[in-house]
Amino acid sequence: MSNKKYKHLLPAEKVGVFLSLLCAIHCLALPIILFVAPYLASSFAFSVTVEWILVVVSFGMALLLLWQDYRKHRKPMPLYFLGIGVFIKLVDTLVGLKSIEWVFGLSLGVFITLAYWYNYKHKTACTCKIS
């Protein structure tokens, strides 16, 4: 990551993007690992606790950062993507199908990452002072 290109990203935003991508990778890797090594299914890395920790921390950080930037720039697109991510997690929780859970998780990570990406694009195009 070039420092010049991403100089407007706050450290917390970098952590948020990292957590979103980690969540997407986690959800994508689960069916592959389950196929190759079924005994890992009950491991700590793929427990419900770890999943909910990743989801709550990712949503919380995204909401905090995107809302702060929305108040500065009044560009709602990142919040729409975050809302879609929350909706996806809600549907995943209500449906409860373990066989397609990875699709919901991957979609969730992608939409939160898109929210950060659109937010970054708005921040770099803005002429106001970014603090």
Output side-chain donor-acceptor pairs under 3.5 Å for residues 104-111, partner residues at least two apart or in another chain, one line each.
unit_1	atom_1	unit_2	atom_2	d
Ser107	OG	Val103	O	2.8

Fill in: Thr124 side chain to Lys121 backbone, donor-acceptor under 3.5 Å
yes
Practice prompt. Find the distance between OH (Tyr116) and NZ (Lys123) and round it off to the nearest 0.5 Å.
Written response: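 Answer for the OH-NZ pair, Tyr116 versus Lys123, is 10.5 Å.
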Worksheet item: What is the distance from atom CH2 of Trp117 to atom OG of Ser20, rounded to the nearest 0.5 Å?
Response: 15.0 Å
Side-chain donor-acceptor distances from residues 77-97 under 3.5 Å, at least two apart:
unit_1	atom_1	unit_2	atom_2	d
Lys89	NZ	Glu51	OE2	2.5
Lys89	NZ	Asp92	OD2	3.3
Thr93	OG1	Lys89	O	2.9

Check residues 64-71 and write down every donor-acceptor pair under 3.5 Å in which the side-chain atom is one partner and the other belongs to a residue at least two apart or another chain.
unit_1	atom_1	unit_2	atom_2	d
Asp69	OD2	Asn119	ND2	2.7

